[in-house]
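Input: a single structure, listed below in structure tokens.
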Amino acid sequence: MASFPKRTVTCGGLRGEDERRDVVLNGWVDVVRDLGGLLFIDLRDRYGVTQAVVDPDVVDAERLARARELRPEYVVALAGTVRRRPAENVNRERATGAVEVLVRDLEILNRSKTPPFEIRDDAQVSDEVRLRYRYLDLRRSSLRGALEKRNAFFLALRRALEREGYIEVETPLLTRMTPEGSREYVVPSRVHPGRYYALPQSPQVFKQLLMIGGLDRYFQIARCLRDEDLRADRQPEFTQLDLELSFGDEEDVFSIIESVLRDAIRDTFQREVAVPFRRMAYQEAMDRYGLDKPDLRFGLEIRELAGCLRGSGFRVVDEVLAAGGLVRGLVVEGGAERLSRKEIDGLTEFVAGFGAKGLAFLKADAAGALSGSLARFVDGERRARLRAECGFRDGDLLLVVADRPAVACRSLGELRNELARRLGLVPRDERLEFTWITEFPMCEWSDEEQRFVATHHPFTMFSEEEPGQLERGPGKVRARAYDLVLNGWELGSGSVRIHTREEQQRVFQLLGIAPDEAREKFGFFLEAFEYGAPPHAGIALGLERTLALLLGRGNIRDLVAFPKTASAKCLLTGAPTDVPEQVLRDLGLPCAAPQRGAEDCPARGGG
RNA sequence: GGGGGUGUAGCUCAGACCGGUUUAGAGCGCCAGCCUGUCACGCUGGAGGCCGCGGGUUCAAGUCCCGUCACCCUCGCCA
């Protein structure tokens, strides 16, 4: 038997046709409006808000007194009769606004302290307070709605993948450390003192083993953990749609992802996405947009300026070109008036943040007069070329970076995004510009490590134009890897995998992983290749990022029920915490705790 | 690890640039009283401050200086 009057409807369920029904509501008090005689209670739960009326002519003094005790966030059970509101009192803002519940009886199930912030969507509250009292923030429809969308989207993904014959398999959370890649969380073993598991940065190795195991079509909505510094779009724990297929290649991965995303977005957001997605080679993305995750919602493409500016007397240009650098820029339409000298100085600092040593500029006013740091190097002929080749017209602003290729592309790419934000070039509609970025280089030379490092990961298949190219000119070999980009965010990446031991060993060797080391760290994996590994390919998509873009949110924190701060702390529980010395001893860990001041305690409810 | 921003009432913020001007304010919330059709109810009154923390300069510090902590953004990092 229930110890309290159990609800017969939710706070979002009543409509005009429920008139005269006897109901019980359970929920939180949203607000009480005590008019002295009549008293209105807005009662809230996940499903909505319903107005209840306590009428002193209907209830006895004891119940009236109890009603007057109610405060926001009290948990109550209300019993009463549904009645239509008089026409002039209908609240059209609310789904239940045509009715109200005339209270016959009420019980306070729990009291609440005054919450640290009001449970209202329009209340502006700092992230710090929201995270500390996350359970209160969860009562607000904005956060709850995001989690409901997350759930609906995940279900839709699972439905679509089920339909395509994919099977969801869970892979271990306690696994072995991988030598390449991001920093992993390490878990000490009590049973094996001095030995450690690692939490997976991704299920990469296991999903390939599942292919070798003949699972054929695998997916997992998988938690991934990385001990790296955080950003608005990065949490230490995040969720990927991880997917792998056998006997297929890029085309199969593209088509399954396109179809699954299209269906899930249609089901969850009632929005249509055009498939197939656009495709763009890495080099084209870098040349036109400066970044490997271009935002294609606006133009403002990067212009090649070597031809127009070579030999103009602007020394930096010629020096940079002679050293193999790039001279490129952006033409800002109407920018001559829209951007002041001071703002351009600010942009110079902005690109300096990405290593650019300078930002030259040229303004042409409405009458055609030139000004700016480039003006004295641009004669009539060069001006005509700028107009013809780059569309530089009167009233426009040309911003130029001359630098090493990597710096020139990056700084102009970031500058392009920044200008689009400032000048309002990003369309306000909800357009979704999906793009596959393909043909990444296989590896890059790392000055820091003095070796080649894999651009994607060391299990990625490469495409050699001739045998032995990987060894002779590794910088020129392309990986069969691809990224999925949406509106300037990288949603995820994947590749066709290596499936023979020989090719895998060639890549390990290229990356400077000695045969002994490879055997020790990846022996089990190389061995698996010797027992009939099928050709396979796959991808992993960051689902919080995908949802953040679909919901128009600037960070992924609200797609996570209990997120961590920029310093990877949980403000609700206080994690990470010290642990008792005995626990460390049992684990065979050194007990010397670093000297520290008093740690913040988790919230105790204030007041 | 580096850079930038923020930190003042429960919440969101003024005050700080140029030290003394009020007894550090506002809106919301909170408490009390009044109010029988409100819906962010209204009206009247009230309580509430280690000005993040520690040091320094000064006759005098919310305000200036140094350090430190927390949160946010970001570079590095994130195969």
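Note on naming: letters A, B, ... go to the chains in the order of the sequence lines (proteins, then strands), and numbering restarts at 1 for each one.
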Checklist line | Qualifying residues under side chain to side chain donor-acceptor pair (under 3.5 Å), relative to A:Asp295, sequence neighbours excluded | finding: A:Arg297
Note to self: Is A:Arg33 close enough to B:C41 that one of its side-chain N or O atoms is under 4.0 Å from OP1 or OP2 there?
What the structure shows: yes
Note to self: Is the shortest side-chain heavy-atom distance between A:Phe508 and A:Leu526 below 4.5 Å?
What the structure shows: yes
Note to self: If you compare every side-chain N and O of A:Arg557 against the phosphate oxygens of B:C73 (OP1, OP2), does one of them come in below 4.0 Å?
What the structure shows: yes
Margin query: Starting the side chain at C-beta, find the nucleotide from B:U74, B:G1, B:G29 nearest to A:Asp229.
Written below: B:G1
Check: A:Glu228 side chain: which of B:C39, B:C77, B:C30 is closest?
Finding: B:C77
Margin query: Strictly below 4.0 Å: does A:Arg92 bring a side-chain N or O up to OP1 or OP2 of B:C39?
Written below: no
Checklist line | Any A:Arg71 side-chain N or O less than 4.0 Å from OP1/OP2 of B:C31 | finding: yes
Next item on the list: Can you check whether any acceptor in the base of B:G37 is under 3.5 Å from a donor in the side chain of A:Arg83, or vice versa?
Entry: yes
Margin query: So, OP1 or OP2 of B:C71: does either fall under 4.0 Å of a side-chain N or O from A:Ser567?
Written below: yes
Margin query: Between A:Asp105 and A:Arg66, does any side-chain N to carboxylate O distance fall below 4.0 Å?
Written below: yes
Notebook entry, point to check: Any donor and acceptor pair, going by atom type alone, linking the side chain of A:Arg130 with main-chain N or O of A:Leu136 inside 3.5 Å?
Noted result: no
Check: Between B:G10, B:C78, B:G29, which nucleotide has the shortest distance from any of its atoms to the side chain of A:Glu118?
Finding: B:G29
Item checked: A:Leu35 side-chain proximity, nearest of B:C71, B:G76, B:U38 -> B:U38
So which protein nitrogen or oxygen atoms get under 3.5 Å of nucleotides 42-46 of chain B's nitrogens or oxygens?
none

Item checked: A:Asp55 side chain, from C-beta outward: closest of B:C39, B:G10, B:U36 -> B:U36
Item checked: Test: A:Arg15 and A:Asp18 ion pair at under 4.0 Å -> no
Notebook entry, point to check: Between A:Gln201 and A:Asp233, which has a closest nucleotide on RNA chain B that is more 5'?
Noted result: A:Asp233
Check: Would A:Thr239 and A:Glu544 count as having a side-chain donor-acceptor pair, cut-off 3.5 Å?
Finding: yes
Check: Looking across every strand, which nucleic acid part, if any, lies under 4.0 Å from A:Glu93 by heavy atom: base, sugar-phosphate, or nothing?
Finding: nothing
Next item on the list: Evaluate the side-chain proximity of A:Leu419 to A:Leu347: yes if any heavy-atom separation is below 4.5 Å, no if none is.
Entry: yes
Item checked: Which nucleotide in B:C71, B:C77, B:C30 has an atom nearest any side-chain atom of A:Thr114 -> B:C30
Item checked: Inter-nucleotide P distance (B:G49, B:A24), Å rounded -> 12 Å
Checklist line | Pairwise 5' ranking along RNA chain B for A:His457 and A:Leu38, keeping only the more 5' one | finding: A:Leu38
Check: Thinking salt bridges, do A:Asp483 and A:Lys293 make one under a 4.0 Å N-O criterion?
Finding: no
Margin query: Could you identify the nucleotide paired to B:C18, looking across every strand shown and requiring Watson-Crick or G-U wobble geometry with both distances under 3.5 Å?
Written below: none
Expected list for residues 198-210 of chain A: side-chain donor-acceptor pairs under 3.5 angstrom, two or more places apart:
residue, atom, partner, partner atom, Å
A:Gln201, OE1, A:Ser182, OG, 3.3
A:Gln201, NE2, A:Thr178, OG1, 3.1
A:Gln201, NE2, A:Glu184, OE2, 3.2
A:Ser202, OG, A:Gln204, N, 3.3
A:Gln204, OE1, A:His457, NE2, 3.4
A:Gln204, NE2, A:Gln208, OE1, 2.9
A:Gln204, NE2, A:His457, NE2, 3.4
A:Lys207, NZ, A:Asp242, OD1, 2.7
A:Lys207, NZ, A:Leu243, O, 3.3
A:Lys207, NZ, A:Glu244, OE1, 3.3
A:Lys207, NZ, A:Ile539, O, 3.2
A:Gln208, NE2, A:His536, NE2, 3.0

Next item on the list: Check every atom of B:G76, B:C11, B:C39 against the side chain of A:Arg410 and return the nucleotide holding the closest atom.
Entry: B:G76
Next item on the list: Determine the interatomic distance between P on B:C51 and the same-named atom on B:C11; round to the nearest Å.
Entry: 15 Å
Margin query: For the base of B:C11 and the side-chain ring of A:Phe117, does the geometry meet a stacking cutoff of under 5.5 Å between centres and under 30° between planes?
Written below: no
Margin query: Given B:G37, B:C75, B:A70, identify the nucleotide with an atom nearest to the side chain of A:Pro86.
Written below: B:G37
Notebook entry, point to check: Taking the side chain of A:Gln51 as its heavy atoms from C-beta onward, which of B:C41, B:C72, B:G37 lies nearest to it?
Noted result: B:G37
Notebook entry, point to check: Is the phosphate of B:U6, meaning OP1 or OP2, less than 4.0 Å from a side-chain N or O of A:Ser126?
Noted result: no
Notebook entry, point to check: Given the C1' atoms of B:C34 and B:G19, what is the spacing between them in whole Å?
Noted result: 47 Å
Checklist line | Out of B:C73, B:A32, B:A40, whichever nucleotide has its closest atom nearest the side chain of A:Asn555 | finding: B:C73
